[in-house]
Amino acid sequence: MGVEETTTSADILVPEAALGRSDQTSRQYLRLRADILDGKFAQGAPLHETQLCETYGASRTPIREALNWLAHDGLLERAARGFRVRSGTPEDVIEIYAARVALESEAAGAAALRHTELDLARLEGLHEQCCTATDGAAVRAGNFKFHEALWQSAHNATITSLLIRLTTQLRIYDSGPPSNYGEPDLLNSEHQDILAAIRGRDEKSAREHMRAHLERSREQRIKMFAGR
């Protein structure tokens, strides 16, 4: 998948469960999540309730609840004095990809069978945006939104929720500024194959093209890690 793998926090869907919290908890969750995904806290950085309360001008209860939900999302891990931003290894990323390949190929197959006319129109429009985009940030955002739209076209809330979590975890493992480790033309060609299978309601082909697409992305990541 390459280009779309590195995104800003605004490009990533929010788990529905988080939106059902109290207003204060939801607000602090979203602010902390955005700052973590935008790299404002380094991998392994400690996050302490008292300091965060001062930084965000919030009371301890919503901050504490937000931290617990972010740990549940896999963005934070427990530390001696609270939480720290999760650090990822190449092995972690490969494990996440194994799960993602299985889930997203299933989503592609389901989308081929269950998509509505609106779903297909949305996918077609996003694919066109990806193919015509020239700005790097627009390419990344558009490609990621294409994948989100595909998940939603599967009409399986459980798969979508799991993919949101996995993709968010991949985001924090990308250190530094967004890097283009995929070829936009090839990426768009692969998206076109997936879209054609969905349009033709070809479940098997949709699964196979998505699997090949993500496996290539995984190999790109392995090469990236090897070159560090």
Side-chain angles (χ1 to χ4, degrees), residues 1-21 30 33 37 69 72-74 95-133 138-171 182 184-221:
M1 200 155 80
V3 173
E4 76 273 22
E5 295 290 3
T6 305
T7 64
T8 67
S9 60
D11 299 321
I12 299 178
L13 287 172
V14 177
E16 290 185 10
L19 300 178
R21 315 303 298 170
L30 293 171
R33 183 178 186 267
L37 295 178
W69 274 89
H72 179 266
D73 289 348
E95 287 183 7
I96 290 172
Y97 257 96
R100 184 175 178 185
V101 168
L103 287 168
E104 197 157 0
S105 59
E106 173 65 25
L113 296 178
R114 301 177 185 172
H115 73 266
T116 65
E117 290 185 10
L118 178 60
D119 291 329
L120 185 58
R122 185 180 295 116
L123 285 166
E124 299 272 13
L126 288 168
H127 178 61
E128 180 63 24
Q129 290 177 30
C130 293
C131 292
T132 57
V139 172
R140 285 188 294 271
N143 282 328
F144 189 83
K145 288 178 180 178
F146 175 86
H147 279 260
E148 284 187 338
L150 185 147
W151 306 342
Q152 293 170 324
S153 297
H155 297 280
N156 186 316
T158 299
I159 287 179
T160 297
S161 178
L162 290 169
L163 284 168
I164 291 170
R165 182 176 181 182
L166 292 172
T167 306
T168 305
Q169 288 179 18
L170 284 173
R171 174 64 182 88
D185 290 344
L186 176 57
L187 183 145
N188 288 328
S189 175
E190 291 173 347
H191 282 185
Q192 177 61 48
D193 290 338
I194 294 166
L195 183 54
I198 291 173
R199 189 187 301 116
R201 297 193 180 273
D202 187 336
E203 178 186 11
K204 181 180 178 182
S205 181
R207 289 175 185 271
E208 290 175 347
H209 283 302
M210 179 59 77
R211 178 174 292 276
H213 181 54
L214 293 176
E215 286 178 348
R216 184 182 69 81
S217 175
R218 182 189 61 200
E219 294 307 308
Q220 290 284 346
R221 277 186 175 270

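None of the values given here were measured: they were computed from a predicted structure.
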Atom pair SG (Cys131) and CG (Asn188), whose distance is rounded to the nearest 0.5 Å = 4.0 Å
Could you tell me whether a side-chain N or O of Thr132 sits under 3.5 Å from a main-chain N or O of Glu128, the two making a donor and an acceptor?
-> yes
Heavy-atom side-chain proximity of Leu163 to His147 below 4.5 angstrom | no
Where does the angle between the aromatic ring planes of Trp151 and Phe144 fall among parallel (under 30°), tilted (30 to 60°) and perpendicular (over 60°)?
-> perpendicular
Can you see which heavy atom on Asp73 is nearest to which on Gln169, and at what distance?
-> O-NE2, 3.1 Å
Shortest non-hydrogen contact from Cys130 to Asn143?
-> SG-OD1, 2.8 Å
Which residues share a side-chain contact (heavy atoms from CB on, under 4.5 Å) with Gln192, sequence neighbours left out = His127, Ala196, Arg199
Looking at residues at least two apart in the chain, or sitting in another chain, which of them share a side-chain hydrogen bond (donor to acceptor under 3.5 Å, both in side chains) with Thr158?
-> none
Smallest heavy-atom separation, Ala112 atom then Ala206 atom, equals CB-CB, 4.1 Å
Are any of the side-chain heavy atoms of Asp119 and Arg114 separated by less than 4.5 Å?
-> no
What residues, two or more places apart in sequence or in another chain, satisfy side-chain contact (heavy atoms from CB on, under 4.5 Å) together with Arg211?
-> Val101, Ser105, Glu215
To the nearest 0.5 Å, atom CZ of Arg100 lies from atom OG of Ser217 at 6.5 Å
Contacts of Asp193 that satisfy salt bridge (charged side-chain N to carboxylate O under 4.0 Å, His left out) - sequence neighbours left out = none
CG (Asp202) and NE2 (His209) are apart, to the nearest 0.5 Å, by 8.0 Å
Does a side-chain heavy-atom distance below 4.5 Å link Thr167 with Ile96?
-> no
Is the closest side-chain heavy-atom distance between Thr168 and Arg33 below 4.5 Å?
-> yes
Worked check of side-chain contact (heavy atoms from CB on, under 4.5 Å) between Arg216 and Leu187 | CA-CA 10 Å; Arg216 184 182 69 81; Leu187 183 145; 4.2 Å; yes
Glu203 CD to Leu113 CG distance, which is reported to the nearest 0.5 Å | 4.0 Å
Contacts of Glu106 that satisfy side-chain contact (heavy atoms from CB on, under 4.5 Å) - sequence neighbours left out | Ile159, Arg207
Do the side chain of Ser153 and the main chain of Ala149 share a donor and acceptor less than 3.5 angstrom apart?
-> yes
Between OG1 of Thr160 and CD of Gln152, what distance do you get to the nearest 0.5 Å?
-> 6.5 Å
Are any non-hydrogen side-chain atoms of Leu150 and His115 less than 4.5 angstrom apart?
-> no
Contacts of His155 meeting ring pair (Phe, Tyr, Trp, His ring centres under 6.0 Å) (sequence neighbours excluded), chain-then-number -> none
Approximate separation, where rounding is to 0.5 Å, of Leu214 CG and Leu103 CG | 10.5 Å
Side-chain donor/acceptor of Arg218 to backbone N/O of Ala98, under 3.5 Å = no
Test Leu166 against Glu104 for side-chain contact (heavy atoms from CB on, under 4.5 Å), laying out the working first.
-> CA-CA 11 Å; Leu166 292 172; Glu104 197 157 0; over 6 Å; no
